[in-house]
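Not measured: the values here are computed from a predicted model. All residue numbers in this chain count up from 1 along the given sequence. The basis for the numbers below is simple: all heavy atoms, side chains too, and nothing from hydrogens, waters or symmetry mates.
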Amino acid sequence: MDAVNTTTNATSSSANTDPLEFYGTQVSSRLLLGTAQYPSPAILAEAIRSSGTEIVTVSLRRESGAAKSGQSFWSLIRDLGVKVLPNTAGCKTVKEAVTTAEMARELFGTPWVKLEVIGEDDTLQPDVFGLVEAARILSRDGFQVFPYTTEDLVVAEKLVSAGCEVLMPWGAPIGSGRGLNNPYGLRSMRAHFPGIPLVVDAGVGVPSHAAAAMELGYDAVLLNTAVAKAGDPARMARAFARALEAGREAFLADPIDARDMAAPSTPVMGRAVLG
């Protein structure tokens, strides 16, 4: 038991000395969690607690100002004490995304918005042209935009120029569970934007995918389906939290480079010769 406590304390201490910051707000957990598709509100709450996340995404469609539907859900989120990142999930036009963001700011009382402008139905790939336009409009209006984008560096540059201080490239299509489809592109984005928080968003299926993203130097991972649709969401949430910590520690430890040839770990010099 003492050994377990020592390990836990060491992990917590490491997390506290390596904070993450979004638009001036510091967080310790590098896991951002979605709130859709859970079997029940109780299971959602248990998964959030187990994950240790400090930020959850919420779609405006869960709330209705007129009928007050969804108020129990909103109360649940408030009671958990996490920060809300409203999203424009399902929006396909700039006008729809901007209008949804404006309503979300009024309802949730936060300038944060996860900006989605979907351009293709089968893959749910972002419409990067509409995304940049909507990001520019919202940033000008005081929003702090978290854009769901691709790993394209040109698009990323335009999003930064539009006012985005965070970039959220996809790992793979939303809900696909395929992991990191383009590690080269994600690695290039990390190298190109060393001072901007980067969050892998979408397509992560198992904890090893999240650890791989962190080993590339990414700052956080946002996921939903992999936890919500797991047989045991709370246990899966814990697994992701641990994988993120391991991946971040590995990145900070400066891992060795991959080689094509073997390299003996035991010195050959001075070895006894028999026979």
Side-chain angles (χ1 to χ4, degrees), residues 22-23 25 32-38 44 53 55-67 69-71 73-74 77-78 82-152 155-156 158-176 196-204 220-225 228:
F22 295 127
Y23 290 102
T25 297
L32 285 67
L33 205 58
T35 55
Q37 305 184 76
Y38 286 84
L44 165 62
T53 186
I55 301 173
V56 299
T57 62
V58 176
S59 170
L60 185 65
R61 288 166 179 78
R62 290 183 175 276
E63 297 291 333
S64 172
S69 61
Q71 291 302 311
F73 170 83
W74 181 216
I77 297 300
R78 281 200 304 263
V82 292
K83 287 188 65 66
V84 171
L85 175 60
N87 68 38
T88 63
C91 293
K92 296 184 177 181
T93 68
V94 172
K95 182 178 180 180
E96 185 181 11
V98 169
T99 301
T100 301
E102 290 170 344
M103 290 190 293
R105 179 167 62 179
E106 181 178 348
L107 180 63
F108 297 112
T110 176
W112 283 12
V113 62
K114 179 191 170 186
L115 180 60
E116 295 184 23
V117 183
I118 301 301
E120 206 279 322
D121 288 336
D122 290 333
T123 62
L124 299 180
Q125 180 169 328
D127 171 1
V128 294
F129 305 101
L131 181 68
V132 171
E133 183 181 351
R136 184 174 293 110
I137 293 170
L138 292 171
S139 295
R140 192 171 58 227
D141 195 28
F143 282 88
Q144 296 172 340
V145 180
F146 295 65
Y148 165 61
T149 183
T150 67
E151 66 276 21
D152 187 289
V155 174
K158 291 184 181 299
L159 286 168
V160 171
S161 296
C164 297
E165 298 181 15
V166 179
L167 295 171
M168 301 179 69
W170 64 348
I174 294 171
S176 67
I196 292 180
L198 299 181
V199 182
V200 168
D201 176 13
V204 172
V221 172
L222 194 162
L223 56 91
N224 185 170
T225 307

Taking all non-hydrogen atoms of both residues into account, name the closest pair between [X] and [Y] and its distance.
X	Y	result
Ala202	Tyr148	CB-CE1, 3.9 Å
Pro197	Phe22	CB-CE2, 3.8 Å
Ala220	Leu32	CB-CD1, 3.9 Å
Val199	Val166	CG2-CG1, 4.3 Å
Thr57	Thr35	O-OG1, 2.8 Å

query = Which salt bridge (Lys or Arg N to Asp or Glu O under 4.0 Å) pairs, counting each pair once, include a residue from residues 164-175, with sequence neighbours left out?
reply =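 Sorted pair list comes back empty.
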task = Sequence neighbours left out, what passes side-chain contact (heavy atoms from CB on, under 4.5 Å) with Ala97? Give chain and number order.
result =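 Checked Ala97 against side-chain contact (heavy atoms from CB on, under 4.5 Å); matches are Thr88, Cys91, Leu115, Val117.
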For Pro173, all residues meeting side-chain contact (heavy atoms from CB on, under 4.5 Å), sequence neighbours excluded =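 Result, side-chain contact (heavy atoms from CB on, under 4.5 Å) vs Pro173: Thr123, Trp170, Ser176, Asn181.
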message = Can you list everything that forms a side-chain hydrogen bond (donor to acceptor under 3.5 Å, both in side chains) with Asp121? Sequence neighbours excluded, please.
response =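 So Asp121 forms a side-chain hydrogen bond (donor to acceptor under 3.5 Å, both in side chains) with Lys92.
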Trp112-Phe146 aromatic ring centre distance below 6.0 Å =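 Centroid separation for Trp112 and Phe146: below 6.0 Å.
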query = Hey, would you say the Phe108 and Trp74 ring centroids sit under 6.0 Å apart?
reply =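 Here the rings of Trp74 and Phe108 have centres that are less than 6.0 Å from each other.
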Set of residues satisfying salt bridge (Lys or Arg N to Asp or Glu O under 4.0 Å) with respect to [X], sequence neighbours excluded:
X	answer
Asp141	Arg105
Lys83	none
Glu116	Lys114

inquiry  = Is it the case that the side chain of Asp201 and the backbone of Met168 share a donor-acceptor pair, with hydrogens and angles ignored and the cut-off at 3.5 Å?
reply    =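 Answer holds: no.
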Which donor-acceptor pairs under 3.5 Å do side chains of residues 128-139 form with protein atoms, sequence neighbours excluded?
unit_1, atom_1, unit_2, atom_2, d
Ser139, OG, Ala135, O, 2.8
Ser139, OG, Ala162, O, 3.3

request  = Using distance alone, with no hydrogens and no angle criterion, decide if Gln125 and Thr150 have a side-chain donor and acceptor under 3.5 Å apart.
outcome  =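 On atom types as modelled, these side chains do not qualify, holding no pair under 3.5 Å.
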